[in-house]
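Just so we're on the same page: letters track the sequence lines, and every chain starts at 1. Values reported hereafter were calculated over all heavy atoms of this structure, with side chains retained and with hydrogens, waters and symmetry mates removed.
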Number of protein chains: 2
Amino acid sequence: MDLAVGNIQAGDNAAEGAGEKTPTPRQQAVLDAALGLIVDPKAALTMSSLARAASCSKESLYKWFGDRDGLLTATVRWQAAKVRGRPVRRGELDGELLKESLERFAADWLTVISGETSVALNRLAIGEAAGGGTGRNLGRIVADNGPLAMGRRLTPLLEMGREAGLLAFDEVTEAFRDFFGLVVRDVQIRLLLGDRLDLSPASIRADAARATRQFMALYGAHQGPDGPALKMKGKE
Amino acid sequence: MDLAVGNIQAGDNAAEGAGEKTPTPRQQAVLDAALGLIVDPKAALTMSSLARAASCSKESLYKWFGDRDGLLTATVRWQAAKVRGRPVRRGELDGELLKESLERFAADWLTVISGETSVALNRLAIGEAAGGGTGRNLGRIVADNGPLAMGRRLTPLLEMGREAGLLAFDEVTEAFRDFFGLVVRDVQIRLLLGDRLDLSPASIRADAARATRQFMALYGAHQGPDGPALKMKGKE
DNA sequence: TCAGTACCGTACCGTACGTTACGGCCGATG
DNA sequence: CATCGGCCGTAACGTACGGTACGGTACTGA
């Protein structure tokens with residue numbers, strides 16, 4: 001949450017597909033109040049409770065966001081806009097920098113998914129994905145800003161590592177998904193199911209280092225006399 | 001779903017902590033109808049809809065299950081009782097059998113979590129875990145029959161592998177969690193978020209083989225002249 | 001035959017919530 | 001100063017749902 005907070009304020013954001021306008025400051029305050037209600041375990045996000053919490057009228061909520069689904073969509077988008085990370089700078093890439101970058105990715109990701117905001121938002125999107133016919137954009141938006149966003153951010157680094165002869169893989173997508181699994185393991189599903197799981201900064205650092213070490217053991221291009229530890233080509 | 005269906009019918013099940021009686025056949029039919037409603041994307045599980053679908057009265061639902069939460073709990077328990085797997089038989093364990101057992105575990109698990117029943121039930125439990133004060137047993141029950149059950153089933157096999165000198169690890173829990181991550185990766189969270197993801201039997205088999213191969217590369221006790229590929233002790 | 005039991009079908013109640021409508025306040029604009 | 005648009009606060013409406021009550025039916029056992 002507190003990592004790489006980069007609010008898009010100047011200019012219009014050309015990204016994000018269909019033209020979605022950035023909310024006004026007043027609307028941003030409302031969306032922050034909505035996030036607070038979503039996160040609070042003993043509070044439910046209803047249009048009335050949000051109007052009360054944000055000191056605005058329900059009429060304004062409907063005018064600004066259309067309906068409840070539009071409000072949820074805008075809230076998810078607003079939160080997603082807050083946690084965007086910076087891309088890796090191209091250029092010199094040696095083994096040490098690659099390892100540090102991977103560890104940083106892993107630690108950042110564990111920090112994000114263990115945050116109460118991320119847990120609450122994923123729960124909301126998953127609950128929304130249960131109903132088939134309703135506005136199921138939520139699940140896609142969260143997925144886009146969840147695992148898929150991590151993939152988009154990590155893929156260039158992995159390919160740079162391959163170009164530099166530090167990594168060996170055929171499909172960058174598969175390499176990323178393995179890294180994802182080594183980092184997340186059962187943490188996210190257990191958090192979503194309500195399991196108490198203390199993710200202290202120290203344990204996050206240790207987990208990030210472990211995942212990176214394992215990933216390098218699987219995909220590192222060892223320059224030693226023996227080849228890579230794991231051959232990816234050929235089936236069986 | 002269709003793997004290792006072992007209905008507990010004879011005698012009372014001494015397991016499962018607080019004494020929970022096995023439902024009568026009529027109640028089992030009702031619980032199956034509840035599962036059908038939970039799975040159906042365009043149907044919601046309400047007491048009325050379940051009474052209609054199961055051709056029973058709401059009064060009977062409340063008499064049998066107490067309240068809505070009891071019904072959900074019983075439904076989750078009922079489904080969990082259906083997918084229990086068999087333990088691995090002790091005795092001779094060589095490298096080939098270990099590999100086959102791991103692959104079987106991985107394939108079984110991918111089959112379970114990609115089943116629509118598992119997805120729907122996990123969604124339900126996650127949605128229920130959002131409200132803090134309500135009967136949050138659901139999340140714990142699903143977790144107990146989800147990752148934790150897989151851990152309980154897999155741990156003995158891993159320790160047998162270590163005793164046989166085939167695996168090398170310090171903490172069996174950590175080894176299991178790594179295996180879990182290699183198997184599940186981002187599949188479960190994407191399925192929960194509504195992502196379409198074709199898990200054909202062929203791809204499941206391939207994924208199970210890949211995860212097992214990677215796990216053995218990380219944790220296998222190589223009998224070659226060089227030591228294990230990954231030292232687990234010592235930090236940094 | 002008659003009481004008892006278990007169950008179905010349905011009507012009903014209270015509440016929560018999404019959504020709409022209305023009255024009042026305030027700053028801007030002419 | 002008058003008017004207008006944006007917004008707040010609140011009341012009101014319709015619906016959905018959890019939970020309860022009641023009448024009707026089939027079966028059992030004395």
* Asked: Can you name the residues that form a side-chain contact (heavy atoms from CB on, under 4.5 Å) with Arg26(B), not counting sequence neighbours?
  -> Thr24(B), Ala29(B), Val30(B), Cys56(B), Trp64(B)
* **Lys/Arg N to Asp/Glu carboxylate O, Lys82(A) vs Asp32(A), below 4.0 Å** => yes
* First-last contacting nucleotides on DNA chain C - partner chain B, under 4.0 angstrom, heavy atom -> dC7(C) to dG9(C)
* To do: Mind checking the CD-CG spacing from Gln188(A) to Leu192(B)? Nearest 0.5 Å is all I need.
  => 9.0 Å
* To the nearest 0.5 Å, tell me how far Ile113(B) CD1 sits from Leu121(B) CG. => 14.0 Å
* To do: Let me know, please, whether Ala44(A) or Cys56(B) comes out on the 5' side of the other along DNA chain C by nearest nucleotide.
  => Cys56(B)
* Asked: Taking CG from Leu50(A) and C1' from dG9(D), how many angstroms apart are they, rounded to a whole number?
  -> 15 Å
* Which residues share a ring pair (Phe, Tyr, Trp, His ring centres under 6.0 Å) with Phe176(B), sequence neighbours left out -> none
* Asked: Of all residues at least two apart in sequence or in a different chain, which pass the ring pair (Phe, Tyr, Trp, His ring centres under 6.0 Å) check with Phe215(A)?
  -> Phe179(A), Tyr219(A)
* Between Leu197(A) and Ser114(A), is any pair of side-chain heavy atoms under 4.5 Å apart? -> no
Identify each atom pair where a protein N or O and an N or O of nucleotides 20-29 of chain D are less than 3.5 Å apart, giving names and distance.
{"unit_1": "dC22(D)", "atom_1": "N4", "unit_2": "Glu59(B)", "atom_2": "OE1", "d": "2.6"}

* To do: Applying side-chain hydrogen bond (donor to acceptor under 3.5 Å, both in side chains), name anything that partners Arg185(B), two or more places apart in sequence or on another chain.
  => Glu174(A), Asp178(A), Asp207(B)
* To do: For Ser55(B), report the nucleic acid contact type (base, sugar-phosphate, nothing); a contact means any heavy atom under 4.0 Å.
  => sugar-phosphate
